[in-house]
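Because only heavy atoms are used, hydrogens play no part in the values below, and waters and symmetry mates are left out as well, while side chains stay in.
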Amino acid sequence: PRYGDGEMAREDARAMNGISGILDGFLAEIEGAFGDPASPLPNDVEGFMSSAETYSSVFAIVRLQRMWIGRCRAAIADGTVAGRATEPLDGIAAWMDGRLGALRSFDACLARFVDLLEGAEEEEDEDWRPANWHRLHLTRLALTDALDE
């Protein structure tokens with residue numbers, strides 16, 4: 001029996017749908033983090049900084065989902081997954097495709113914010129920059145991995 005003909009493919013799809021539902025709440029927060037496209041600052045700098053590690057975790061999960069979608073698409077192309085098993089994948093892939101534009105927009109805003117922080121003079125602007133702002137480099141790396149998958 002092929003993966004796509006069995007219960008395992010349907011279980012995987014159900015799990016991915018559940019994960020997508022959980023991610024929706026986090027992604028809505030991420031999408032709203034930068035309200036003014038002309039400003040390099042997040043709406044709430046302190047809240048943004050306290051959520052940076054959460055964002056990194058969300059991006060890691062997005063990356064894993066994209067890897068799974070890629071493997072399933074390859075399995076469909078080679079005939080390993082067929083029939084009814086492709087329908088849930090199509091829905092998950094469409095959900096993901098709908099989120100990628102917002103994540104790319106977030107990436108551009110995050111890059112501007114990091115550039116602003118890096119450009120601040122140490123002596124003059126030290127009070128302005130959030131503590132541990134350098135952790136945003138890890139957040140950007142996680143997002144880049146998710147977008148490049």
Side-chain angles (χ1 to χ4, degrees), residues 3-4 8-78 80-81 85-149:
Y3 172 79
M8 193 175 355
R10 287 187 288 280
E11 285 297 320
D12 283 355
R14 275 193 280 275
M16 286 297 171
N17 276 324
I19 291 168
S20 298
I22 293 168
L23 286 178
D24 273 333
F26 290 109
L27 292 172
E29 178 184 331
I30 289 168
E31 290 171 14
F34 291 91
D36 180 4
S39 173
L41 296 174
N43 294 330
D44 173 10
V45 174
E46 185 178 324
F48 185 85
M49 293 305 299
S50 69
S51 296
E53 289 183 36
T54 301
Y55 296 162
S56 297
S57 298
V58 168
F59 301 146
I61 295 168
V62 167
R63 178 176 180 260
L64 291 173
Q65 275 197 314
R66 293 195 70 208
M67 290 170 62
W68 179 80
I69 290 168
R71 288 182 182 142
C72 286
R73 284 183 173 157
I76 289 169
D78 72 11
T80 306
V81 174
T86 63
E87 293 170 14
L89 169 64
D90 293 339
I92 295 165
W95 174 87
M96 181 60 70
D97 290 344
R99 300 311 176 276
L100 291 178
L103 289 174
R104 286 187 179 95
S105 176
F106 178 85
D107 185 42
C109 292
L110 180 58
R112 285 194 331 239
F113 183 43
V114 169
D115 288 347
L116 177 71
L117 294 169
E118 285 179 335
E121 293 292 326
E122 289 291 332
E123 302 86 36
E124 295 175 19
D125 297 324
E126 195 165 314
D127 290 337
W128 173 83
R129 290 192 304 190
N132 299 320
W133 67 269
H134 60 280
R135 290 182 183 169
L136 294 177
H137 289 291
L138 297 174
T139 303
R140 282 213 64 215
L141 181 60
L143 179 54
T144 299
D145 285 349
L147 292 173
D148 289 346
E149 180 48 47

Quiz item: How many angstroms lie between CZ in F59 and CG in D145, if you round to the nearest 0.5 Å?
Solution: 11.5 Å
Quiz item: Does R112 use its side chain to pair, donor to acceptor, with the backbone of S39 at less than 3.5 Å?
Solution: yes
Quiz item: If you count the non-hydrogen atoms of other residues, nucleotides and ligands that lie under 6.0 Å from CD in E31, is the total more than 12?
Solution: yes
Quiz item: Sequence neighbours excluded, which residues qualify as salt bridge (Lys or Arg N to Asp or Glu O under 4.0 Å) partners of R14?
Solution: E7, E11
Self-check item: CA sep, side-chain torsions, deciding dist, call: W133, F113, side chain to side chain contact (heavy atoms under 4.5 Å, CB included)
Solution: CA-CA 10 Å; W133 67 269; F113 183 43; over 6 Å; no
Self-check item: Value rounded to 0.5 Å, distance of SG in C72 from CE in M67
Solution: 12.0 Å
Quiz item: How far apart are the closest heavy atoms of A142 and S56, and which atoms are they?
Solution: CB-O, 3.8 Å
Quiz item: What is the distance from atom CG of D12 to atom CG of N17, rounded to the nearest 0.5 Å?
Solution: 11.0 Å
Quiz item: If every non-hydrogen atom of R63 is compared with every non-hydrogen atom of A146, which pair is closest and at what distance?
Solution: CB-CA, 3.7 Å
Quiz prompt | Closest non-hydrogen atom pair between L136 and M49, with its separation | solution = CD1-SD, 3.7 Å
Quiz item: Which atom names give the shortest non-hydrogen contact between T139 and A52, and what distance separates them?
Solution: OG1-O, 3.3 Å
Quiz item: How many angstroms lie between CD1 in I69 and CG in L64, if you round to the nearest 0.5 Å?
Solution: 11.0 Å
Quiz item: Taking atom CD1 of I22 and atom CG of L27, what is their separation to the nearest 0.5 Å?
Solution: 11.5 Å
Practice problem: For side chain to side chain contact (heavy atoms under 4.5 Å, CB included), just list the numbers for F26 and I61, CA-CA rounded to whole Å, side-chain angles, deciding distance to a tenth of an Å, and then say yes or no. | Solution: CA-CA 11 Å; F26 290 109; I61 295 168; over 6 Å; no
Quiz item: How long is the span from the CZ atom in R66 to the CG atom in L147, to the nearest 0.5 Å?
Solution: 6.5 Å
Practice problem: For the pair N43 (side chain) and G32 (backbone), establish whether a donor and an acceptor sit closer than 3.5 Å, ignoring hydrogens and angles. | Solution: yes
Please table the atom pairs, donor to acceptor, closer than 3.5 Å between any side-chain atom in residues 94-106 and protein atoms at least two apart or in another chain.
residue : atom : partner : partner atom : Å
W95     : NE1  : D24     : OD1          : 2.9
W95     : NE1  : D24     : OD2          : 3.4
R99     : NE   : D24     : OD1          : 3.3
R99     : NH1  : W95     : O            : 3.3
R99     : NH2  : D24     : OD1          : 3.1

Quiz prompt | Closest contact, heavy atoms only, P130 versus V45 | solution = CG-CG1, 3.7 Å
Quiz prompt | Heavy-atom closest contact (S50 atom, G47 atom, distance) | solution = OG-O, 2.9 Å
